[in-house]
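Scroll down for the structure; my scribbles are underneath it.
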2 protein chains.
Amino acid sequence: MNAEIVEKLRGHGIQPSAQRVAVAEYILATDEHPSAERVLARVKRRFPMVSRATVYNTLNLFVEKGLVQQLVLTGGRVVFDPWVEDHHHFIDEATGKIHDIPWDAIEVKRVDRLKGFDVRKFHVVLKGRRRG
Amino acid sequence: MNAEIVEKLRGHGIQPSAQRVAVAEYILATDEHPSAERVLARVKRRFPMVSRATVYNTLNLFVEKGLVQQLVLTGGRVVFDPWVEDHHHFIDEATGKIHDIPWDAIEVKRVDRLKGFDVRKFHVVLKGRRRG
DNA sequence: TATTACTTTAGACTTAGTCTAAAACTTAAT
DNA sequence: ATTAAGTTTTAGACTAAGTCTAAAGTAATA
Ligand SMILES: [Mn+2]
Ligand SMILES: [Mn+2]
Ligand SMILES: [Zn+2]
Ligand SMILES: [Zn+2]
């Protein structure tokens, strides 16, 4: 069982069961912003007996413990993102793919000056086509 | 049947049936960013026989014709917004309420300079608490 | 009127996600 | 080692959002 992953889970207060390590091995390494159903399919490849409930429970636990974040960008499904620090997202309207945009690539001003709103966090959601 | 609404529907190439006018009367006037289920409940008050399929069909038609826009901001449900011009959204984490933020209240820079991305549109999603 | 096109309807179906209660597995205590 | 207690996993029931279908109802056309 991947020792580095085991340590990372323990470091976030998560008991490293075999199933949780399997989920973590995939979700912490990917950049594809997968849905829970996609994580389930991936984990099943190597761990055919894993249940849907375990994958959902595990992902929700990871979110609660700050190991990944949950994003709601497009209809119907929540996706998960191992990049938990602030960044923006670009959605390719042709493919549906979600791309990460570094925080400093975009400048957002006057958010603190909104009257009547206590902004705790924000991010920019961009849509268009990947070029090149 | 509300003549102003009828004209607005015709102006967007939509046949103004009684059900469509009922949906439009609610959705074009509200600022609460309702879900389809909420629209269904509201329309049923005055039009008890309306079906779920009709409300969904009608909302999808309105989106297609540019009368309202669809937003995906929080888990599980799409919401509809009669303000179709560019603006941002603030989500009150305590209540779940979605608030409109005028486009000019926030300044977003360098979006056109993103290498490899053809940005067609974007908006800022803010989260926190309503103050006051 | 007859024909055609469009719209609505009930309910079946699908998909994402939650919940439950039992089984399996860990850990700690005798 | 044995037991007990706590934790995790599991299958499958359940819920909620949304789509699809095929028939019935309306409206426009000839
Ligand atoms: Mn962390
Ligand atoms: Mn319009
Ligand atoms: Zn990301
Ligand atoms: Zn809005």
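Residue numbers begin at 1 in each chain, while the letters A, B, ... track the order of the sequences.
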(Q) Run the side chain to side chain contact (heavy atoms under 4.5 Å, CB included) test on A:Gln19 and A:Phe47 for me, step by step, so that the C-alpha distance in whole Å, both residues' side-chain angles and the decisive distance to 0.1 Å come before the verdict. (A) CA-CA 8 Å; A:Gln19 289 89 333; A:Phe47 211 134; 3.8 Å; yes
Side-chain donor-acceptor pairs of residues 53-61 of chain B under 3.5 Å, sequence neighbours excluded:
from, atom 1, to, atom 2, distance (Å)
B:Thr54, OG1, B:Ser51, OG, 3.1
B:Tyr56, OH, B:Glu37, OE2, 2.8
B:Asn57, ND2, B:Ala53, O, 3.2
B:Thr58, OG1, B:Thr54, O, 2.7
B:Asn60, ND2, B:Tyr56, O, 3.3

With a 3.5 Å cut-off and sequence neighbours excluded, list the donor-acceptor pairs that the side chains of residues 24-31 of chain A form with protein atoms.
from, atom 1, to, atom 2, distance (Å)
A:Tyr26, OH, A:Glu32, OE2, 2.2
A:Thr30, OG1, A:Glu32, N, 3.1

Q: Can you check each nucleotide of nucleotides 18-30 of chain D against protein heavy atoms at under 4.0 Å and return B for base, S for sugar-phosphate only, - for none, in 5' to 3' order?
A: BBB----------
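- Here A:Ser17 lies in heavy-atom contact (under 4.0 Å) with sugar-phosphate atoms only.
- Here B:Arg120 pairs with A:Glu93 under the salt bridge (Lys or Arg N to Asp or Glu O under 4.0 Å) rule; sequence neighbours left out.
- In this structure, A:Thr54 reaches the D:dT10 phosphate: one of its side-chain N or O atoms is under 4.0 Å from OP1 or OP2.
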Please table the atom pairs, donor to acceptor, closer than 3.5 Å between any side-chain atom in residues 121-132 of chain B and protein atoms at least two apart or in another chain.
from, atom 1, to, atom 2, distance (Å)
B:Arg130, NE, A:Gly116, O, 3.4
B:Arg131, NE, A:Asp118, OD2, 3.4
B:Arg131, NH2, A:Phe117, O, 3.0

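- Listed by chain and number, the residues in a salt bridge (Lys or Arg N to Asp or Glu O under 4.0 Å) with B:Glu7 are B:Arg10 (sequence neighbours excluded).
- Using a 4.0 Å cutoff on non-hydrogen atoms, the parts of residues 19-33 of chain B near DNA chain C are B:Gln19, B:Arg20, ordered by number.
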Can you give each donor-acceptor pair under 3.5 Å made by side-chain atoms of residues 72-82 of chain B, sequence neighbours left out, with the distance rounded to 0.1 Å?
from, atom 1, to, atom 2, distance (Å)
B:Arg77, NH2, B:Ser35, OG, 3.4
B:Asp81, OD1, B:Trp83, N, 2.8
B:Asp81, OD2, B:His33, NE2, 3.1
B:Asp81, OD2, B:His87, NE2, 3.0
B:Asp81, OD2, B:His89, NE2, 3.0

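- The distance from atom CG of A:Leu59 to atom C1' of C:dT18 is 14 Å, rounded to the nearest whole Å.
- For the salt bridge (Lys or Arg N to Asp or Glu O under 4.0 Å) test, no residue two or more places apart in sequence or in another chain qualifies with B:Lys115.
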